[in-house]
There are 2 protein chains.
Amino acid sequence: MVTTPPDRPHDEDYLRLDLQLCFSLHAASRAFNGVYRTLLKDLGLTYPQYLVMLTLWEHGELPVKSIGEKLRLDSGTLSPLLKRLESAGFVERHRSKADERSVSIRLTEQGTALREHALTVPHHIARAVNLPPEDFHTLRTLLATLTEGLDAAQGPMATGTDEAACAEG
Amino acid sequence: MVTTPPDRPHDEDYLRLDLQLCFSLHAASRAFNGVYRTLLKDLGLTYPQYLVMLTLWEHGELPVKSIGEKLRLDSGTLSPLLKRLESAGFVERHRSKADERSVSIRLTEQGTALREHALTVPHHIARAVNLPPEDFHTLRTLLATLTEGLDAAQGPMATGTDEAACAEG
DNA sequence: CACAATTAAGTTGTGCACAACTAAATGGCG
DNA sequence: CGCCATTTAGTTGTGCACAACTTAATTGTG
C-alpha cells in the first residue's frame, strides 16, 4: 500500500526533495555551529555571542537595535545574550542620554582584548571548510539570495534600513 | 597556547569574511525555519518535527536511533520531540521485543493522514525559494560538502588547545 | 555463570530562536 | 498641554541543540 506508481513527478517526490534541502541546510548550520562551539570554547563564547562580538569589533559601540538589525535578531534573543556577555565582562550596557529607550553596547577592555585571541578562529574554520575560494563565494551568494527570497516570502520586510552584513568586496 | 604567526596578512579581514559566512549560513537557516514555521503551523508541526515526519513517511516505522542517524540528532533532542509528537497523536512509541533497549516509532493513522496535508508544503517552499533548479542543486551540493568537511574537522580535532579528551577509534 | 563494557533511550541544565507580551520613553496631533 | 500611537528593551513561555549524566538491556570475556 505504500508503493505508488509515479508516472508523473508526484507530490511525494517533492517531499523527498524538500527533505534533502531542509536537511542539508539544517545539518550544515549545526555542523558549523559545532565546529565554532569547539573553537570558541577557549574564548568563553558561544557561536551567537561570537557573531555579536564580531559585529562590535567591526563597528564599535552600537545600540541593541542596530545589533539586532545587522544580525537579524530580536530583543528576545539579544537581551539575555547581552546580559551574559556583560556578566562575562566583555561588554558594558548603558542607557543613551539622548534617547533613554535605547541601550548602547560598548566593548570593555577585556572584550576588546578578546579580539586578539579570536583572530586565530577564521584560520581554523577556513581549514575545516576546505572549500575553494570560488565555491566559498558561490555558497555565500546563494545563501544570501535564498535568505532574501525567504524573507520576502515570509513577510513584507519590516526593516529595510541600514542593511548590514554581506556586502562583500 | 597559541603561537603568534610572524607575518600576518591582515587577520582582521579574515574576521570580516568569517562574519560574512557565519552570518549567511545562520541567517539562511533561520529564514528557512521561519518560512516553514508559518507553513507548518496549520499542520501542528515545528520544523524539526516535520523533518522527523518526513523521515517516517519515507521509511516507515523506525527505531529512535535510526531517526537520529538519518537526521544527525541525538536522544537528548529526539526524546522530548518524539514525546511531543506522541501527545499530538502523530506517532506511537513502543519497546522492541527483540531488544528492549530500543524504542520503535510508528506513525498513527493520524500521522499517516497528515502526509496528505504536508504535500502542499514543498510547493510553497519552492515558490518562496525561487532559485533555478541548477542553483538549487549547487547549493545543496555545496552545503553537503561543507557539512562533510566540518564533520571531519570536528572529530579528529587537532587544535593546539588544551583539549585532551579525545576519544580515538 | 558472573561481571565489566557497550549500547539505547531518557533526563538535566544551559543557551539560542521566536512569539507574545509588558514597561518606559518618545513623537505626533488636536 | 494632554492623549495616544510608536519605538526600544526587556520578560515569559515553548521548543530545539547539545553536553553531561543516568538507567536499563545487551554483549563480550574470563
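Quantities reported herein were computed from a predicted structural model and do not represent experimental measurements. In what follows, every chain begins at residue 1, and chains take the letters A, B, ... in the order their sequences are listed.
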Q: Could you tell me whether the side chain of A:Thr46 has a donor or acceptor atom within less than 3.5 Å of a complementary atom in the base of C:dG15?
A: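 In this structure, the two groups form no donor-acceptor pair.
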Q: Need to verify one output field. Residue with the more 5' nearest nucleotide on DNA chain D, B:Ala98 or A:Arg37?
A: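 Whichever sits nearer the 5' end wins; that is A:Arg37.
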Q: Counting side-chain heavy atoms from C-beta on, which of C:dG10, C:dA20, D:dA9 comes nearest to A:Val103?
A: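 Output: D:dA9.
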Q: Which nucleotide in the set D:dG15, D:dA9, C:dT11 lies at the smallest distance from any side-chain heavy atom of B:Gln49?
A: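 Minimum distance to the B:Gln49 side chain belongs to D:dG15.
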Q: State plainly whether the residues B:Arg95 and B:Glu100 are in salt-bridge range, i.e. N to O under 4.0 Å.
A: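 Judged by the 4.0 Å cut-off on N to carboxylate O distance, B:Arg95 and B:Glu100 do not form a salt bridge.
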Q: Specify the separation, in whole Å, of atom NZ of B:Lys83 and atom P of D:dG15.
A: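 Those two atoms, NZ and P, are 13 Å apart.
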Q: In whole Å, what is the span from the CZ atom of A:Phe32 to the C1' atom of D:dA17?
A: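 Rounded to whole Å, this separation is 17 Å.
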Q: Which part of the nucleic acid, if any, lies within reach of B:Leu78 when heavy atoms closer than 4.0 Å are counted: base, sugar-phosphate only, or nothing?
A: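 No contact.
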Q: Report the nucleotide, chosen from D:dA9, D:dA25, D:dA20, that has the shortest atom-to-atom distance to any side-chain atom of A:Pro63.
A: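 Selected nucleotide (nearest to the side chain): D:dA9.
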Q: So what does B:Ala31 touch, heavy atoms closer than 4.0 Å: a base, only the sugar-phosphate, or nothing?
A: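 B:Ala31: no heavy atom of the nucleic acid under 4.0 Å.
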Q: Kindly say whether A:Thr141 contributes a backbone atom to a donor-acceptor pair with the side chain of A:Thr145 at under 3.5 angstrom?
A: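 Such a contact is found between A:Thr145 side chain and A:Thr141 backbone.
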Q: Mind calculating the distance between CG (A:Leu73) and P (C:dA17) to the nearest angstrom?
A: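 Nearest whole value for this atom pair: 5 Å.
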Q: If you find the nucleotide of DNA chain D closest to A:Asn33 and the one closest to A:Gly76, which residue's nucleotide is nearer the 5' end?
A: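 Nearest-nucleotide comparison on DNA chain D picks A:Gly76.
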Q: Examine the side chains of B:Glu92 and B:Thr108 and answer whether a donor and an acceptor come within less than 3.5 Å of each other.
A: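 B:Thr108 and B:Glu92 do not have a side-chain donor-acceptor pair below 3.5 Å.
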Q: Scan A:Asp99 against the nucleic acid and name what it touches under 4.0 Å (heavy atoms): base, sugar-phosphate only, or nothing.
A: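 Sugar-phosphate: the residue A:Asp99, judged by heavy atoms under 4.0 Å, touches backbone atoms but no base.
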Q: Please check if the distance between the ring centroids of A:His26 and B:Tyr47 is under 6.0 Å.
A: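 Centroid separation for A:His26 and B:Tyr47: below 6.0 Å.
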Q: So what does B:Ser102 touch, heavy atoms closer than 4.0 Å: a base, only the sugar-phosphate, or nothing?
A: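 It contacts sugar-phosphate atoms only.
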Q: When you measure from the side chain of A:Arg30, which nucleotide among C:dA9, D:dC18, D:dT11 comes out closest?
A: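 Closest of the options to the side chain of A:Arg30: D:dC18.
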Q: Using the rule given for side-chain contact (heavy atoms from CB on, under 4.5 Å), can you reason through B:Val103 versus B:Lys65, listing the C-alpha separation, both sets of side-chain angles and the distance that settles it, and then say yes or no?
A: CA-CA 8 Å; B:Val103 168; B:Lys65 179 167 172 55; over 6 Å; no
